[in-house]
Amino acid sequence: MHTVVMTKGVPDFREGQVSFDEEGHLERGKTPTVMNPNDKHALRAAFQTKVRNGGHVSLMSMGPPGYKEVLQEGMRDVYADDLYLLSDREMGAADTWATAMTVATGLQNLDDRPDLVFAGFKTADGETGHTGPQTCWCLDWPMITHVLSLDIDEDAGTVRAKRLVDGDISEIETVEAPMPCFIVADPEFEPTYRKASHRLKHKDLREETQERAEEYEDHVTVWDHEDLNLDPDYIGLDGSPTIVSGVDPIPKAPSEREATMIEAGESEALEPVLDELTPYAAGD
Amino acid sequence: MTDGVEEYEAVVVGCGPGGAAAAATLARNGVETLVLERGVDAGSKNVSGGLIYAEESAPYTIDGLFPDFREEATERPVTENVIHNIAGDKVKSFDIGDLHHHDTAWADAVLRRKMDSWLAQQVHERTRETGGGLLTEVHVTGLLRERGEIVGVTTEELDPIRADLVVAADGVNSELARDAGLMDWEEPEEWFQGVKAVVDMEPEVINDRFDVAPDDGAAHLFSGDLFDGVRGGGFLYTNESSLSIGTVFHLDSIAEERAEPHELLDSLLTHPLMAQWLGDEYDEREYSAKLVPDSKKAAHPSPHEDRLVLVGDAAGQMQAQGPIIKGMNHAVTAGALAGEAFADARARGDTSQAGELYEKKLHDEGVMDKLRPTGYKVFGRLGEVGPVDDLSNAIAESAVGRFGVRAAAGLLERAYSSPRLVSMIPDTKLPYVTLPTVIAEELGEPVTDENTVSPPDLGDRIGGLTYDVGDPHIELLDKSFEASGTAVTACPVSAEDFGGGCYRDETVQTNGSQERLVSLDTQPCVECGTCAIVADTEWEHPAGGKGVEFNQG
């Protein structure tokens, strides 16, 4: 088994980390880069594969040299045998299309063809959810999105998954696909470990991976466009057909609203509250 | 592995001292051993009063099995032992160091979260080398049977697991022992219930107030009239930077008197005698509770069935005779003997003999004699017969008895230090209440210190505990007050006129008539198991990692 997890660095949008200028534009320089939070779900799915089915796990990302630390962050969550960073000025400012072209080429450039590629639901910055499916389209593999749980039958060379139909929790279907296959893990993905031996291995790998993550640089391979034999006209900004015509900040909700304070201790004071709520209770 | 079912040579359920000792012994003998613990961490479900002993006569001790144990996992050694007889504000203290030192290589105070999680780490490393290992957050629910024979365990989180040996070290409320029909929750007379407060205190303050060196500690016991006639007593042990203060009572007495355990604990905490140690600032780190089997009645004489062996509390192996309270050391011995028995049986080529061998070792090594002493069988039981009990109490309280107490003060102190006499103590009011009260009245001096401690109320105590609430794990089968009303008072996290606890009683109007019912909210359950005995319930543990989590224990 060879499993690859795609991951991306994004601005840390958490309160206190993210920084915007006066016009509401993100200040990249002042905002730290972290691993895309949704990639955690892909990492959990890949870790389940490593524990239950063994084999080799690679982490791959595209971005500036500093993204090595994003790979390190990912490595803390999954036992990664090796890390790949696709990094080159020519790859910069790529849209999802150009990114998919680059990443798909990166996957094809691996010595050992992957059986499964995992991607997390959408990224926290672009939120398109396109890059995974587009990469899969480039590879011409089957793809299963919104995956909740996963079972691999190595002998049959198939993967069976439970997935949300249309991303809706009310409808779940089970599908099967031949490998190699592209898997997009849903935030609701739950790894299952029903064997004691799996849980023991999980424990071993978790301990080991923390140590390995400290020396992550020993495991990183960096590829530029020449390594991948990619024409600069088809990658990066030059290879991106998307044109962003403008960005409008979402207006903030007004922080002050009209409020009436009521002393909860006095039952008469609660009557107006009841009057207010009654229409809602009646379904009006 | 056959037919997809996982198989290990041995499965040990629970990683307290009994399970740890069993696992360590099995691992040392090269037995592939899987240890399953239901807490988020070993020790997170475990409570003890707090002293662990190493007996000179025991074939195994915890530090023998785990050499760094005392350095890494315990608090302070006990270097001072006193029992206080109390009547009102009068106190007569006896030094019971001789009793304590009898057959004792050492005794240390412990807090179970720290102790058990350290043990678990050692156990995991050792069992991992055998191809097994330790897993937390796995709730073993029962026994796996094939053609009626026990062949493994079932769990909530994992597929069934087969094993040649199943060690049930799953504590006082062992679901495996009950599944096998070896233990039950029927008779309140067979149990004690303890509650405990761990109280924060700087090490220097402890040294000063207890007049002990930094590496020494004290154990104080309390009995007399301060517990409203409920049969039992109190204890105080010094930890490195805290005190363990608790009370332990016969469960039948708690039930009969409809006593509130947390109030009995408060009676001890607020007694003037405690002022010298508690001072003005009282900071309770944790409130906890535990059911304790009375080995004299509950220790199973033949704790095995097919491939299953019971060790520790699961087998009722908890020795409580008057001032002697020893549980963990017996669990350690039993666990190691169970491991040894399996290794012996395996060497003989027939692992099915392990249970029989284990039973034989328990008897040959003198463990059963300590748990069920002959002196108690002969004399103690006699003292529990109604008319004898009444007569003894009457004599002790009479002028004749009082004269005897005054005349024989020195003799009494020696009697309290006699392991043989102590082993005969009957489970009656006489030794727990009447005699200590008379001793204090006749020989004691009044304590003049003012105790300013105001312990937290039950709501705050419950609020201070950590829960990860899963599905309700207790079902109340009979909601009538007659059948289950005792749960409201006896449950350590419930009380009459307190709505925030596990159990509460309420009067319900039905068609003009009134009915008194008990209702259950498992949210603040500390999983002590009291209600399984005093009320009509379907009781099981919560799922792995769920339920209460003790940080001190």
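Throughout, a chain's letter reflects where its sequence line sits, starting with A, and its residues are numbered from 1. Basis for what follows: all heavy atoms, side chains included, without hydrogens, waters or symmetry-related copies. Fair warning: this is a prediction, and the values are worked out from it, not measured in the lab.
Contact annotation for B:Leu36: neither backbone nor side-chain heavy atoms come within less than 4.5 Å of a heavy atom of chain A.
Heavy atoms of other residues, nucleotides or ligands lying less than 6.0 angstrom from CG of A:Asp275 number more than 12. No more than 12 heavy atoms of other residues, nucleotides or ligands lie within 6.0 Å of CG in B:Asp471, so this atom counts as exposed by the packing criterion.
Shown here are the side chain to side chain contact (heavy atoms under 4.5 Å, CB included) partners of B:Asp468, two or more places apart in sequence or in another chain: B:Lys546.
Aromatic rings of A:His41 and A:Phe121 (six-membered ring for Trp) have centroids beyond the 6.0 Å cut-off, not under it.
Applying side-chain hydrogen bond (donor to acceptor under 3.5 Å, both in side chains) to A:Thr7 and the options A:Asn38, A:Asp39, A:Asn36 leaves one that passes, A:Asp39.
Proximity to chain A at a heavy-atom threshold of 4.5 Å picks out B:His124, B:Arg128 from residues 116-129 of chain B, in numerical order.
With respect to A:Asp151 and A:Arg160, no salt bridge is recorded, no charged nitrogen being found less than 4.0 Å from a carboxylate O.
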